[in-house]
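Computation of the quantities below employed the complete heavy-atom set of this structure, encompassing side-chain atoms and omitting hydrogens, waters and symmetry-equivalent molecules. To find a chain, count down the sequence lines: A is the first, B the second, and so on, and within it residues start at 1. Note that the coordinates shown come from a computational prediction; the quantities given were computed from them, not determined experimentally.
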There are 2 protein chains.
Amino acid sequence: MSIRQTDLDRIRTLPLFADMTPSVFRDATAGAFLQRFPAGTTLLMEGDPVDFLYVLLDGAVELQGSWKEKEAVLAVLRPVSTFILAAVMLEAPALMSARTLERSEVLMLSGEALRRTTRQDPAFGFAVVQELAGCYRGVVRMVKAHKLRGCLERVANYLLAQSARQGDPHHIVLPYGKRVLASLLGMTPENLSRAFAQLADYGVQVRGPEIHLARPRALERLARPSPLIDNHVKAGPLPIGRAGTESLTTTPGAPPPPAPSGVSAAPRTA
Amino acid sequence: MSIRQTDLDRIRTLPLFADMTPSVFRDATAGAFLQRFPAGTTLLMEGDPVDFLYVLLDGAVELQGSWKEKEAVLAVLRPVSTFILAAVMLEAPALMSARTLERSEVLMLSGEALRRTTRQDPAFGFAVVQELAGCYRGVVRMVKAHKLRGCLERVANYLLAQSARQGDPHHIVLPYGKRVLASLLGMTPENLSRAFAQLADYGVQVRGPEIHLARPRALERLARPSPLIDNHVKAGPLPIGRAGTESLTTTPGAPPPPAPSGVSAAPRTA
DNA sequence: CGTCCGTTTGAGCCTGGTCAATATGAGTGG
DNA sequence: CCACTCATATTGACCAGGCTCAAACGGACG
């Protein structure tokens with residue numbers, strides 16, 4: 001039950017908790033406890049009710065969804081990060097399962113306490129807003145990558161993203177197994193292998209989890225990373241006279257389809 | 001610039017504004033104005049800074065992303081719904097373009113005023129939290145549908161969703177053109193046609209925008225809708241969790257891969 | 001009546017998936 | 001220390017879902 005002070009200190013580094021006053025922080029984390037799990041443990045099954053906000057302090061966790069015997073990894077988390085905040089705030093069942101990939105340390109915070117704090121403390125409320133908004137945009141980026149890019153391009157961009165994150169333009173090490181990576185990128189392990197093989201033409205050399213990028217520029221020309229999809233890319237200076245693309249430009253076409261008679265139920269889109 | 005009282009009344013029906021006190025509501029909507037756009041108007045270009053929260057009062061708007069000459073529709077909105085709330089809260093550039101599909105009425109609310117209200121009024125802050133959490137979960141559902149289902153299955157589930165929404169188990173009318181629908185479902189118009197043809201075996205008869213579902217049960221056996229993907233499906237006997245109120249907004253996002261070594265940039269995943 | 005789109009249909013191709021067999025490597029027990 | 005096992009990766013052959021290109025069809029509108 002007792003958590004070390006150092007563990008609470010670690011989650012204070014998260015934007016979500018960084019600006020809280022000590023007393024509010026104490027309220028929000030009341031009843032929190034730390035748990036250790038071996039690799040391969042399912043922390044949460046999709047469809048389960050969610051009672052806690054999870055904070056990964058050490059190890060690795062994958063979030064996955066499933067349907068009809070099929071499974072897909074939707075995200076892989078590394079410390080320090082929180083997950084299932086949205087379900088906690090809505091008191092709704094989880095949409096994704098959470099599974100440890102390695103031995104992991106997870107801090108569990110009372111959902112009840114967090115909702116109460118969110119409703120009472122405007123500053124924390126706004127922090128939650130920004131957190132959720134960031135998550136939302138993260139998923140939007142994911143959808144765009146999926147619908148707009150082919151397998152090769154997704155792999156190439158993944159390599160560049162890792163390269164940026166790890167700080168070395170020429171060498172990266174895969175943070176988890178290729179099977180997991182393939183599923184995360186929306187492809188089969190076999191195809192990921194083939195993609196790596198194809199990328200040899202662009203200076204990519206794979207040896208186990210170690211990858212050498214001999215010609216990052218060539219890879220970039222293939223990958224064409226965009227600040228609107230890959231959030232590691234900084235927005236470059238836009239070409240000055242954006243050719244014929246002004247906002248509020250009306251383009252011909254788009255015939256008004258007959259409105260469906262049924263009452264539509266207020267869809268919301270951030 | 002003057003807005004009719006009836007327009008403000010309409011947005012009060014949205015969960016986001018429903019519970020606000022009149023005075024807070026007046027603050028939040030200060031400086032709001034109504035605009036009318038013809039069909040095919042680009043309201044917002046991806047990458048643009050976002051100064052307003054948009055509320056669609058009449059007509060239809062598509063949100064789309066693009067990359068390298070390719071475009072994909074990420075969502076189609078119907079009244080009354082809000083969009084780009086996440087970008088407003090983060091003061092970040094838009095990740096999606098917004099384009100009218102028909103002649104539309106759009107209410108524009110000052111982002112500045114909304115952020116101020118969110119920071120000051122805990123009740124409104126919590127409403128924004130719930131809104132964003134719902135949007136996030138909507139996009140997660142979209143990603144799951146995309147990664148786990150094939151084209152045929154996506155179309156079948158779309159038909160069932162529309163059927164539920166429009167209240168008639170045997171007859172639906174497509175709310176927008178098939179070209180747009182195809183892109184929303186992540187396929188080409190040609191393939192959507194073929195999918196409809198294939199679905200004839202399951203009692204689906206298509207005549208223009210009108211679709212007759214002769215054997216909904218057969219279609220359901222193929223589609224296998226799930227409460228964890230399709231938010232119109234009510235949870236089965238087991239789960240106690242309330243059926244949430246999540247939009248069909250699809251925003252799949254790839255959480256930034258965590259830094260394997262050194263300082264981690266606190267990835268967030270709701 | 002003719003034109004213009006959006007949709008449908010057909011033929012061929014190609015990306016990516018499936019199945020099966022073969023390394024490769026880590027962990028275990030003799 | 002080695003043999004065995006199991007999981008992960010890779011490679012190849014084959015298959016199919018989905019895309020592209022091209023043409024024909026149909027309704028809406030002038």
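Rounded to whole angstrom, the span from the NZ atom of A:Lys70 across to the C1' atom of C:dG17 amounts to 11 Å. Distance, A:Glu69 CD to C:dT18 C1': 17 Å, rounded to whole Å. Between B:Arg207 atom CZ and D:dG27 atom P there is a gap of 12 Å when expressed in whole angstrom units.
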Next on the checklist: One pair to check against side-chain contact (heavy atoms from CB on, under 4.5 Å): B:Arg36 and B:Glu105. What are the steps and the verdict?
Outcome noted: CA-CA 5 Å; B:Arg36 261 169 254 272; B:Glu105 276 185 29; 2.5 Å; yes

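By the 30° and 60° cut-offs, the orientation of the rings of A:Phe52 relative to A:Phe33 is perpendicular.
Looking only at side-chain heavy atoms (C-beta outward), A:Phe83 and A:Leu43 come within less than 4.5 Å of each other. Side chains of B:Gln162 and B:Pro175 form a contact here, defined as non-hydrogen atoms less than 4.5 Å apart.
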Checklist entry - What string of B, S and - do you get for nucleotides 6-19 of chain D, 5' to 3', if B is base contact, S is sugar-phosphate-only contact and - is no contact with any protein heavy atom under 4.0 Å? => result --SSSBBB----SB

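Side chain of B:Lys147 to main chain of A:Val73: a donor-acceptor pair is present (N/O by atom type, distance under 3.5 Å, no hydrogens or angles).
In this structure, the separation between CZ on A:Arg215 and CG on A:Asp201 is 8.0 Å, given to the nearest 0.5 Å.
Remark: B:Leu152 pairs with B:Ala195, B:Gln198, B:Leu199 by the side chain to side chain contact (heavy atoms under 4.5 Å, CB included) rule, at least two apart or across chains.
Look at B:Arg99 and B:Glu71 and you find no salt bridge, because none of the NZ, NE, NH1 or NH2 atoms lies under 4.0 Å from a carboxylate O.
Taking the screw axis at each terminus of the helix from C:dC1-D:dG30 to C:dG30-D:dC1 from five consecutive base pairs, the angle between the two is 30° to within rounding of 10 degrees.
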